[in-house]
Chemist: 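Please find one structure pasted underneath; my questions will follow.
Atoms within a ligand are numbered from 1 in the order they appear, just like the ligands themselves.
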Amino acid sequence: MDMLEIIKRRASCRGYQAEAIPDDVLERCLEAARWAPSACNQQPWRFIAVKDRELRERICGECFLPGVPMPWAKQAPVIIVLCSKKSMVTHFLAPLLSGINYHLLDLGIAGEHLVLEAQEQGLGSCWIGWIRPKKIKKLLGLPFDMTPVSLITLGYPLEPGQAGKRLGLDEIARVDRWD
Ligand SMILES: Cc1cc2nc3c(=O)[nH]c(=O)nc-3n(C[C@H](O)[C@H](O)[C@H](O)COP(=O)(O)O)c2cc1C
């Protein structure tokens, strides 16, 4: 399928079938993320694919922030925990000069590679950023230098999705100057 068509068809999926994701399909999604670009090629991402039902239920029950109920998340047969693993120069020193958190850019790119491959494979996905990183870290026994920054639910969708509305190109892009 045409790349732009895949991009446009992706929509946050908030209802999943119970059907498991075959290992080779999951691996393709992770492989797509592996090929993402990153500042200084530091590849500051680590992925944990949580398949275990009890762990998924504990993530959904204990590790979301309050105020935004997400009951659909525990239907997803896989929850990807997207973690950062920062390096000294690129992720601590360089941001002091530029003010840019490169590792978060890199993780966003990698996560979206994963999500777009998931779309290509017929899976639905949803980013979940409304999380308690410290609780997830403890629950999954992550080492001190790995920090969860987002979750991505994955599974076969209950129904076809419809992406949220977008600003028009004329509102978000200009040529040469912003005026
Ligand atoms: C970094 C990030 C965090 C998000 N966190 C949540 C979340 O906690 N809960 C949720 O239901 N959706 C979450 N979303 C999904 C957005 O609400 C969704 O992408 C946006 O409304 C556009 O809709 P669409 O993805 O269907 O096009 C998140 C998306 C991103 C990129």
Side-chain angles (χ1 to χ4, degrees), residues 1-17 21 29-30 32-39 43-50 55-86 91 95 100-140 142 146-173:
M1 200 189 290
D2 178 57
M3 174 63 85
L4 187 56
E5 199 51 38
I6 294 168
I7 290 169
K8 286 185 174 179
R9 282 197 189 188
R10 184 222 54 85
S12 292
C13 175
R14 298 188 178 91
Y16 296 95
Q17 300 174 31
I21 300 174
C29 297
L30 293 164
R34 188 168 79 89
W35 283 96
S38 59
Q43 305 164 60
W45 43 65
R46 298 293 182 271
F47 306 92
I48 302 165
V50 181
L55 271 180
R56 284 188 286 115
E57 286 181 355
R58 288 195 64 185
I59 289 174
C60 297
E62 302 167 25
C63 304
F64 290 169
L65 286 166
V68 184
M70 296 182 271
W72 45 268
K74 60 175 179 287
Q75 297 171 355
V78 173
I79 298 178
I80 303 288
V81 182
L82 186 50
C83 299
S84 69
K85 186 174 179 354
K86 299 202 274 184
H91 306 125
I100 296 168
N101 288 322
Y102 300 104
H103 72 291
L104 295 179
L105 271 176
D106 297 343
L107 264 77
I109 298 167
E112 197 58 11
H113 273 206
L114 187 151
V115 155
L116 291 176
E117 179 59 28
Q119 178 67 30
E120 169 78 349
Q121 295 298 318
L123 294 170
S125 65
C126 190
W127 287 81
I128 297 182
W130 198 235
I131 56 169
R132 299 179 191 273
K134 282 185 191 159
K135 287 211 165 190
I136 297 174
K137 187 165 182 160
K138 197 167 169 201
L139 179 64
L140 301 184
L142 304 185
M146 267 172 67
T147 304
V149 300
S150 190
L151 306 176
I152 298 173
T153 50
L154 285 181
Y156 292 99
L158 280 178
E159 52 192 38
Q162 175 78 48
K165 279 205 166 158
R166 294 299 191 264
L167 298 171
L169 258 191
D170 56 332
E171 295 171 281
I172 62 164

Chemist: Using a 4.0 Å cut-off to any heavy atom of Trp130, which atoms of ligand 1 qualify?
Modeler: 8 (O)
Chemist: Please identify which atoms of ligand 1 are closer than 4.0 Å to at least one heavy atom of Arg10.
Modeler: 24 (P), 25 (O), 27 (O)
Chemist: How long is the straight-line distance from OG of Ser38 back to CD1 of Ile109, given to the nearest 0.5 Å?
Modeler: 8.0 Å
Chemist: Please step through side-chain contact (heavy atoms from CB on, under 4.5 Å) for the pair Leu151 and Ile136, ending with a clear verdict.
Modeler: CA-CA 10 Å; Leu151 306 176; Ile136 297 174; 3.9 Å; yes
Chemist: With a cut-off of 6.0 Å (strictly less than), are more than 12 heavy atoms of other residues, nucleotides or ligands near CG of Leu169?
Modeler: no
Chemist: Taking 4.0 Å as the limit for heavy-atom contacts, which would you say applies to Lys165 with ligand 1: side chain only, backbone only, both, or neither?
Modeler: neither
Chemist: Write out the residue and atom name of the closest protein heavy atom to atom 13 (C) of ligand 1, then the distance separating them to 0.1 Å.
Modeler: Trp127 O, 3.0 Å
Chemist: With atoms numbered from 1 as shown, which atoms in ligand 1 lie under 4.0 angstrom from a non-hydrogen atom of Ala11?
Modeler: 26 (O)
Chemist: In the protein, what heavy atom is nearest to atom 16 (C) of ligand 1, and what distance, to one decimal place, separates them?
Modeler: Arg14 NH2, 3.9 Å
Chemist: For Gly129, counting its heavy atoms only, list the atoms of ligand 1 lying under 4.0 Å from any of them.
Modeler: 3 (C), 4 (C), 5 (N), 6 (C), 7 (C), 8 (O)
Chemist: Taking atom NZ as the centre, does Lys137 end up with more than 12 heavy-atom neighbours from other residues, nucleotides or ligands that are less than 6.0 angstrom away?
Modeler: yes
Chemist: Counting only heavy atoms, tell me which of Gly164, Ser150, Gly111 gets closest to atom 23 (O) of ligand 1.
Modeler: Gly164
Chemist: Which of these passes side chain to side chain contact (heavy atoms under 4.5 Å, CB included) with Pro44: Lys85, His103, Lys86?
Modeler: His103
Chemist: Is there a nitrogen or oxygen of Val68 sitting under 3.5 Å from a nitrogen or oxygen of ligand 1?
Modeler: no
Chemist: Evaluate the ring planes of Trp72 and Tyr16, with Trp represented by its six-membered ring, and classify them as parallel (under 30°), tilted (30 to 60°) or perpendicular (over 60°).
Modeler: tilted
Chemist: May I ask you to list the atoms of ligand 1 that are less than 4.0 angstrom from any heavy atom of Cys126?
Modeler: 12 (N)
Chemist: Give the atom numbers and elements of ligand 1 that come within less than 4.0 Å of a heavy atom of Ile128.
Modeler: 5 (N), 6 (C), 7 (C), 8 (O)
Chemist: Are more than 12 heavy atoms, taken from residues, nucleotides or ligands other than Glu171, located less than 6.0 Å from that residue's CD atom?
Modeler: yes
Chemist: What closest approach, in Å, do Pro77 and Gln17 show between heavy atoms, and which atom pair accounts for it?
Modeler: CD-O, 4.1 Å
Chemist: What protein heavy atom is closest to atom 19 (O) of ligand 1, reported as residue, atom name and distance in Å?
Modeler: Ser12 OG, 3.3 Å
Chemist: For atom 9 (N) of ligand 1, is there a protein heavy atom at a distance under 4.0 Å?
Modeler: yes
Chemist: Identify, for atom 27 (O) of ligand 1, the protein heavy atom at the shortest distance, and state residue, atom and that distance.
Modeler: Arg166 NH2, 2.8 Å
Chemist: Number the atoms of ligand 1 from 1 as they appear, then name those within less than 4.0 Å of a heavy atom of Trp72, with their elements.
Modeler: 11 (O)
Chemist: If you compare all heavy atoms of Ile79 against all heavy atoms of Ala73, which two are closest, and at what distance to 0.1 Å?
Modeler: CD1-O, 4.3 Å
Chemist: Test Arg10 against every option in Glu112, Glu117, Glu120 by the salt bridge (Lys or Arg N to Asp or Glu O under 4.0 Å) rule and name the one that passes.
Modeler: Glu112
